[in-house]
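Counting from 1, the numbers follow the sequence of the chain as shown. Note that ligands are numbered from 1 as they come in the structure, with each ligand's atoms numbered from 1 the same way.
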Amino acid sequence: MTNYLVTGGAGFIGSNLVDELIKRGYNVITIDNFDDYYSEDYKLKNLNPKAKLYKGDITNYEFLKVVFDENKIDGVFHLAAKAGVRASVEKPGEYFNANVVGTANLLKLCSERKIKVVFASSSSVYGEVEYIPTDENHPKNPISPYALSKLHAEQLCEFYMNQYDFPVAWTRFYTVYGPRGRPDMAIAKFTKAVLKGEPIEIYGNGEQLRDFTYVSDIVQGLTKVMQLGARGCFNLGTSQKVSVNDLVKYIEEIANRKANVIYTDKKEGDVSRTMADITKARELVGYNPEYTIQSGIKEYMSWFVKNSD
Ligand code: NAD
Ligand code: UGA
């Protein structure tokens, strides 16, 4: 029986991954500290009861060691992190602690036991990009503390992989959305606002571009990377570019309602455009994203309608 550890397993992407792993018949162990970035109740709903939960903090090495000593672990999906780009500008220390110190603790334990690791990094490590689609070799120029913390965590991944010779992959996700989507992110906020007749706030002129990626495509990519024991860096996006203004139009069309849009100042830490070159993940691990922005919003909206009060 294969045992996977998912850190951040009560979070948005982590909980979708845990559900899929359990569906495929794996044993799943999760670690989550139920960080208060968004409410505990919200995350409790995410937790699959078939997963074995350790409630605790990845910055606590002794706690982590107990998890590794008590379980035979075959692979670690490391998703636990403070994840808000704009929020990190206010609390850089918290972001570095969770994202860098926590990752170092995990990598040490995995390197000693030669346990495969797949780490959740971010498209934000590239910063303001010189070209799109952006491949993995593009220079890294983070413009938020969050993005810099992810770049440091990637460097730790590379260091441990080379120093101790075991499989470590760091995958760069592109603005993920879908069921149980984080309530601070654009698609979750805008969908809720349009359906409830509340205003939408667009930061800047709305012409910023994002490669929005449906969560099941990310889960597909993560499981493929893990199963192959792939090493190194992989972009996981859709390879499409959608402006925030167009995103609102798609949500309006699918909901068949008009949005009430308010434009406010651009936020510090926000990059102007992201769009992944996914050739490497396609060729080396068979990653094949299935959702366009329209089909993804449709699916997300029907989940939201069924699951909102
Ligand atoms: P999320 O906030 O829903 O999930 C993160 C989980 O980690 C939460 O449940 C939180 O309680 C937990 N956590 C935070 N700090 C912890 C700590 N110190 N110890 C233990 N648990 C801790 O966010 P998400 O959107 O699901 O993101 C998951 C991962 O993917 C993160 O690493 C994030 O940086 C990365 N990522 C997300 C996106 C996206 O668009 N959502 C894009 C790129 C990368
Ligand atoms: C997302 C995730 O939140 C990060 O965890 C992740 O690392 C990053 O993607 C990534 O790709 O690596 P972001 O692209 O900022 O970050 O995602 P959203 O919060 O959905 O924002 C998308 C765009 O909509 C941004 O330009 C943002 O400024 C804009 N937005 C968001 C608004 O105009 N209004 C809002 O209320 C929210």
Side-chain angles (χ1 to χ4, degrees), residues 6-17 30-40 42-44 46-47 54-60 63-64 77-88 94-95 97-103 105-106 119-126 142 144 146-147 149-150 153 170-178 180-190 192-193 199-213 215 218 222 235-237 242-245 247-248 261-276:
V6 179
T7 72
F12 158 44
I13 303 171
S15 66
N16 279 279
L17 173 65
T30 65
I31 292 176
D32 204 295
N33 72 345
F34 294 87
D35 183 86
D36 63 4
Y37 180 50
Y38 53 91
S39 91
E40 182 157 313
Y42 189 92
K43 272 180 286 177
L44 275 172
N46 292 345
L47 205 58
Y54 285 84
K55 185 170 179 178
D57 199 307
I58 56 167
T59 62
N60 179 344
F63 158 73
L64 274 187
F77 293 95
H78 174 32
L79 275 68
K82 303 279 286 183
V85 177
R86 295 169 291 280
S88 72
E94 286 184 16
Y95 277 71
N97 198 28
N99 299 0
V100 183
V101 175
T103 301
N105 284 342
L106 264 165
F119 168 62
S121 189
S122 154
S123 73
S124 65
V125 299
Y126 298 116
S144 65
Y146 165 77
S149 74
K150 286 287 173 180
W170 46 106
T171 51
R172 297 183 180 138
F173 307 167
Y174 281 72
T175 314
V176 188
Y177 68 104
R180 299 194 293 253
R182 259 175 38 218
D184 62 312
M185 290 182 64
I187 293 186
K189 282 170 92 176
F190 295 176
K192 183 174 174 210
I200 280 177
E201 203 184 338
I202 291 185
Y203 308 140
N205 64 9
E207 286 307 300
Q208 63 266 45
L209 301 176
R210 286 292 180 278
D211 188 0
F212 294 102
T213 305
V215 66
I218 294 292
L222 287 171
N235 282 342
L236 293 180
V242 179
S243 73
V244 170
N245 288 325
L247 172 69
V248 174
V261 177
I262 301 163
Y263 287 89
T264 59
D265 289 346
K266 181 181 184 304
K267 298 274 186 186
E268 187 178 344
D270 232 11
V271 297
S272 314
R273 49 186 192 151
T274 68
M275 182 190 178

Visitor: In terms of residue, atom name and distance, what is the protein heavy atom nearest to atom 36 (O) of ligand 2?
Guide: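 Checking every protein heavy atom, the shortest distance to atom 36 (O) of ligand 2 gives Lys189 NZ, 2.9 Å.
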Visitor: Using a cut-off of 6.0 Å, state whether more than 12 heavy atoms not belonging to Glu201 lie near its atom CD.
Guide: yes
Visitor: Using a strict cut-off of less than 4.0 Å between a Lys/Arg side-chain nitrogen and an Asp/Glu carboxylate oxygen, indicate whether Lys82 and Asp35 qualify as a salt bridge.
Guide: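 So Lys82 pairs with Asp35 through a salt bridge.
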Visitor: With heavy atoms only and a cut-off of under 4.0 Å, state how Phe190 meets ligand 2: side chain, backbone, both or neither.
Guide: side chain
Visitor: Using a strict cut-off of 4.0 Å, indicate which atoms of ligand 2 neighbour a heavy atom of Val244.
Guide: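 Matching atoms, with element in brackets: 23 (C), 24 (O).
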Visitor: Is Thr171 reaching over with its side chain to a backbone N or O of Phe119, donor-acceptor style, under 3.5 angstrom?
Guide: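 Yes, because the side chain of Thr171 sits within donor-acceptor range (under 3.5 Å) of the backbone of Phe119.
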Visitor: Just the distances, no angles: every ligand 1 N or O to protein N or O pair closer than 3.5 Å, one line each.
Guide:
unit_1   : atom_1 : unit_2 : atom_2 : d
ligand 1 : 3 (O)  : Phe12  : N      : 2.8
ligand 1 : 3 (O)  : Tyr38  : OH     : 2.3
ligand 1 : 7 (O)  : Ala81  : N      : 3.4
ligand 1 : 9 (O)  : Gly11  : N      : 3.2
ligand 1 : 9 (O)  : Asp32  : OD1    : 3.2
ligand 1 : 9 (O)  : Asp32  : OD2    : 2.6
ligand 1 : 11 (O) : Asp32  : OD1    : 2.6
ligand 1 : 11 (O) : Asn33  : OD1    : 3.4
ligand 1 : 11 (O) : Asp35  : N      : 3.0
ligand 1 : 11 (O) : Lys43  : NZ     : 3.0
ligand 1 : 13 (N) : Asn33  : OD1    : 3.3
ligand 1 : 18 (N) : Asp57  : OD1    : 2.8
ligand 1 : 19 (N) : Ile58  : N      : 3.0
ligand 1 : 21 (N) : Asn33  : N      : 3.2
ligand 1 : 21 (N) : Asn33  : OD1    : 3.3
ligand 1 : 25 (O) : Arg182 : NH1    : 3.0
ligand 1 : 26 (O) : Phe12  : N      : 3.3
ligand 1 : 26 (O) : Ile13  : N      : 2.8
ligand 1 : 32 (O) : Leu79  : O      : 2.9
ligand 1 : 32 (O) : Lys150 : NZ     : 2.8
ligand 1 : 34 (O) : Tyr146 : OH     : 2.7
ligand 1 : 34 (O) : Lys150 : NZ     : 3.1
ligand 1 : 40 (O) : Val176 : N      : 2.7
ligand 1 : 41 (N) : Arg182 : NH1    : 3.4

Visitor: If you measure only the distance, is there a donor-acceptor pair under 3.5 Å linking the side chains of Ser272 and Gln208?
Guide: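 Ser272 vs Gln208: no donor-acceptor pair found between side chains.
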Visitor: I need the nearest protein heavy-atom contact for atom 28 (O) of ligand 2: residue, atom name and distance, please.
Guide: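 I find the closest protein heavy atom is Asp270 OD2, 2.3 Å.
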Visitor: With atom 30 (N) of ligand 2 as the reference point, say which of Tyr203, Tyr126, Tyr174 has the nearest heavy atom.
Guide: Tyr203
Visitor: For the residue pair Ser122 and Tyr146, establish whether any side-chain heavy-atom pair is separated by less than 4.5 Å.
Guide: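 In short, these two side chains touch, coming nearer than 4.5 Å.
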Visitor: Please tell me if the side chains of Leu209 and Val242 come closer than 4.5 Å, counting only heavy atoms from C-beta onward.
Guide: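 Contact flag for Leu209/Val242 side chains = no.
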Visitor: Using a strict 4.0 Å cut-off to heavy atoms of Phe173, name the atoms of ligand 2 that fall inside it.
Guide: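 Close to Phe173: 10 (C), 11 (O), 12 (O).
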Visitor: Using side-chain heavy atoms (C-beta onward) and a distance below 4.5 Å, is Thr264 in contact with Ile202?
Guide: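 They are not in contact (no side-chain heavy atoms under 4.5 Å apart), so the answer is no.
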Visitor: Which residue owns the protein heavy atom closest to atom 17 (O) of ligand 2, what's the atom, and how far is it?
Guide: Thr175 CG2, 3.3 Å
Visitor: Side chain or backbone of Arg86 under 4.0 Å from ligand 2, or both, or neither, by non-hydrogen atoms?
Guide: side chain
Visitor: If we ignore angles and hydrogens, is there a donor and acceptor under 3.5 Å between the side chains of Arg172 and Ser123?
Guide: no
Visitor: Looking only at heavy atoms, is any part of Arg210 under 4.0 Å from ligand 2, and if so is it the side chain, the backbone, or both, or is it neither?
Guide: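 The answer is the side chain of Arg210.
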Visitor: Think Lys267 forms a cation-pi with Tyr203, using NZ or CZ under 6.0 Å from the six-ring centre and within 45 degrees of its axis?
Guide: yes
Visitor: Of the options Asn46, Thr30, Val215, which is the one that meets Ser15 in a side chain to side chain contact (heavy atoms under 4.5 Å, CB included)?
Guide: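 When Asn46, Thr30, Val215 are each tested with Ser15, the side chain to side chain contact (heavy atoms under 4.5 Å, CB included) holds only for Asn46.
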Visitor: Relative to ligand 2, is Lys267 under 4.0 angstrom through side chain, backbone, both or neither, heavy atoms considered?
Guide: neither
Visitor: With respect to atom 1 (C) of ligand 2, which of Arg273, Glu207, Met185 exhibits the smallest heavy-atom separation?
Guide: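 Nearest heavy atom to atom 1 (C) of ligand 2 lies in Met185.
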Visitor: For atom 10 (C) of ligand 2, find the nearest protein heavy atom and state the residue, atom name and distance (0.1 Å precision).
Guide: Ser123 OG, 3.2 Å
Visitor: For Asn245 and Tyr263, does a side-chain donor sit closer than 3.5 Å to a side-chain acceptor?
Guide: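 Checked: Asn245/Tyr263 side chains pair up, N/O donor to acceptor below 3.5 Å.
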Visitor: Using a 4.5 Å cut-off on heavy atoms from C-beta on, say whether the side chain of Ile13 contacts that of Ile218.
Guide: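 They are in side-chain contact.
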Visitor: Report the C-alpha distance between Tyr37 and Asp184 in whole Å, list the side-chain angles of each, state the deciding distance to 0.1 Å, and finish with yes or no for side chain to side chain donor-acceptor pair (under 3.5 Å).
Guide: CA-CA 9 Å; Tyr37 180 50; Asp184 62 312; 2.5 Å; yes
Visitor: Considering only the protein, which heavy-atom contact is closest to atom 3 (O) of ligand 2, and what is its distance?
Guide: Arg182 NH2, 2.9 Å
Visitor: Has Val85 got any heavy atom lying under 4.0 angstrom from an atom of ligand 2?
Guide: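 The answer is yes, since Val85 has a heavy atom less than 4.0 Å from ligand 2.
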Visitor: Are Lys55 and Asp32 close enough that some pair of their side-chain heavy atoms sits under 4.5 Å apart?
Guide: no
Visitor: Check whether any heavy atom of Tyr146 sits under 4.0 Å from an atom of ligand 2.
Guide: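 Heavy atoms of Tyr146 do come under 4.0 Å of ligand 2.
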Visitor: Please list the nearest protein heavy atom to atom 34 (N) of ligand 2 with its residue and the distance rounded to 0.1 Å.
Guide: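 The answer is Glu201 O, 2.7 Å.
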Visitor: Atoms of ligand 2 less than 4.0 Å from Gln208 heavy atoms?
Guide: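 Here the atoms of ligand 2 in question are 26 (O), 28 (O), 29 (C).
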Visitor: So between Ser122, Gly84, Ser272, whose heavy atom ends up nearest atom 8 (C) of ligand 2?
Guide: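 Of the listed residues, Ser122 has the closest heavy atom.
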Visitor: Looking at atom 18 (P) of ligand 2, what's its closest protein heavy atom, distance included?
Guide: Ala186 N, 3.7 Å
Visitor: Less than 4.5 Å apart, any side-chain heavy atom of Thr7 and any of Tyr54?
Guide: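 In short, these two side chains do not touch, never coming nearer than 4.5 Å.
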Visitor: Side-chain contact test, heavy atoms from C-beta onward, threshold under 4.5 Å: evaluate it for Asn235 versus Tyr126 and give yes or no.
Guide: yes
Visitor: How close does the nearest protein non-hydrogen atom get to atom 4 (C) of ligand 2, and which residue and atom is it?
Guide: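 Going atom by atom, the protein heavy atom closest to atom 4 (C) of ligand 2 ends up being Ala83 O, 3.5 Å.
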Visitor: Would you mind running through ligand 2 and noting each atom that sits below 4.0 Å from a heavy atom of Ser124?
Guide: 12 (O)
